[in-house]
Amino acid sequence: MTTQASRTVPITVAYGDGIGPEIMDATLRIITSGGADLDVDVIQIGEAVYKAGNTAGIGPEAWESLRRTKVFLKAPITTPEGGGYKSLNVTVRKAFGLFANVRPCPSYSPFIATKHPGMDVVIVRENEEDLYGGIEHRQTEDVTQCLKLISRPGTERLIRYAFEYARRYGRSKVTCFTKDNIMKITDGLFHRVFDEVAAEYPDLESEHWIVDIGAAKLADTPEAFDVVVLPNLYGDILSDVAAQIAGSVGLAGSANIGSEVAMFEAIHGSAPRRAGQNVANPSGLLLAAVQMLVHIGQGDVAERVHNAWLRTIEDGVHTYDIFDPEVSKEKVGTSQFADAVIARLGEEPKTLRAVHYPASAERISVAVKERPPAKKELVGIDVFVDSRQPVEELAKVLEANAGPLQLVMITNRGQKVYPGGIPETFCVDHWRCRFQAPDGTSPVAYDDVVALLGRLVAAGQPFIKTEGLFTFDGEPGFSLGQGQ
Ligand code: IPM
Ligand code: MG
């Protein structure tokens, strides 16, 4: 038996920067009036913490609170301009393994202007990997690089989550976007795992689009999509697009889900120009709080709050950002908007579809399948070098020092330029030089690689970095040169 008192759930709250304090205040007031039973621990994060010299924007007590409550309702924060400050969002997501970022983007037509009245897309964005590792280097005078990491377990748990989410919420299709015609290994893995997992959900339709045309289709005909699952950066971009074409980025909430901890936030930023004027729309944070209430087993409260919010929107009580003289009835500020939602608690929308959440739902949990490890063999090395010499000169030095290995090719920004390049190819000072065994397939000894690097240094041609060329159960785990 659960009594009312035993439902009290500890959560951590950050009021954030810019418009953060106002929209958090409104949100907490609405959900508490709606019956949310919370024990709120307020932490300080963001601008002030950054400026006090903490480059992550979050201190030890805040971590302590998050580790204790495991539920975080976070207002937007401002990352100060200038180098050295790390994104707090990304830090929290990665530190707690918040692998799935769920961003519902429905339209509220005819009450909020949109070109896509039938749209009801949920973006499920990978939240920890891809280009968000922040592993960047300047390697030569000319060239910088950012490492794109896609892992099988990271991808698998995200994609399983997307399919489980679709089932739980009665959705019929899951679409995956990647660019695996170009990134055959990284995006290729994401697509392959999608196909594998999709096969386990025959009750759900599944499809894959190349991200460029998929994004165009999403922006033009969002009604054709349901749940969309995608890697981190595409998901960042397309969730803003989806939210904006549904009505406004100001309306979308997001749930960052991990296996233990979850964080709930609006998808918009801290809008410092609007701060302190009681004008900001609290809806994005409020809808994130609704996701939080479902997550902590207070689905009945989530339902009451969400329906009251829908009714408020339907009644034309709008903040400036969505105010439209044609349909809006009353232009209100942040706190008046909150009052209007509170006044409608217990009511349901009449035209928009009312929402229903189970009073206390089990959380979606996903497990990654165990796989026997593949046999991994070193079959070569890509040595990256910094050189301003013509490629033929560079090749001479490399060949003279190859030892038992053989120089197979040199590429510049991925394009093969040796042997057999053409003079029209534009080259920078950053070369990938591939060495393999003379037969091209035999295993290569690490000692031979180390000796090769030593000889290159001695010959005045030092390296920037190396990448091992491995086969996994005989399958090459590396791309060929463009034009090879
Ligand atoms: C978002 C934001 C963040 C992101 C920024 C603030 C790091 O744009 O939540 O979409 O890129 O993920
Ligand atoms: Mg974003």
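Atoms within a ligand are numbered from 1 in the order they appear, just like the ligands themselves. Residues: numbered from 1 along the sequence shown. Because the structure is predicted, anything quoted here is derived from the model rather than measured.
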* To do: Record the part of Arg93 in heavy-atom contact with ligand 1 below 4.0 Å; permitted values are side chain, backbone, both and neither.
  => side chain
* To do: Have a look at ligand 1 and work out which part of His268, if any, has a heavy atom under 4.0 Å from it: side chain, backbone, both or neither.
  => neither
* Asked: If you measure only the distance, is there a donor-acceptor pair under 3.5 Å linking the side chains of Ser87 and Thr79?
  -> no
* Starting from atom 6 (C) of ligand 1, locate the nearest protein heavy atom and write down its residue, its atom name and how far away it is, to 0.1 Å. => Asn89 ND2, 4.2 Å
* Establish, for the pair Lys217 and Phe225, whether the NZ or CZ atom is under 6.0 angstrom from the six-membered ring centre and no further than 45 degrees off its axis. => no
* Asked: Between Lys376 and Phe472, is NZ or CZ placed under 6.0 angstrom from the six-membered ring centre and within 45° of the ring axis?
  -> no
* Can Asp187 and Tyr234 be counted as having a side-chain donor-acceptor contact under 3.5 angstrom? -> yes
* Going by distance alone, is a donor N or O of one side chain under 3.5 Å from an acceptor N or O of the other, for Lys331 and Gln336? -> no
* Asked: Do any nitrogen or oxygen atoms of Asp240 lie less than 3.5 angstrom from nitrogen or oxygen atoms of ligand 1?
  -> no
* **Option from Glu126, Glu128, Glu265 for which salt bridge (charged side-chain N to carboxylate O under 4.0 Å, His left out) with Arg93 holds** => Glu265
* Structure fact -> For atom 11 (O) of ligand 1, the closest protein heavy atom turns out to be Tyr132 OH, 2.6 Å
* **side-chain contact (heavy atoms from CB on, under 4.5 Å) between Asn281 and Thr334, intermediate numbers included** => CA-CA 6 Å; Asn281 186 349; Thr334 314; over 6 Å; no
* **Taking atom 2 (C) of ligand 1 as the reference point, the nearest protein heavy atom with its distance** => Asp236 OD1, 4.0 Å
* Near Ser87, which atoms of ligand 1 are under 4.0 Å from a heavy atom of that residue? -> 7 (C)
* **Nearest to the Mg ion (ligand 2) - the N/O/S atom of Asp236, by atom name** => OD1
* Looking at atom 1 (C) of ligand 1, what's its closest protein heavy atom, distance included? -> Arg103 NH2, 3.3 Å
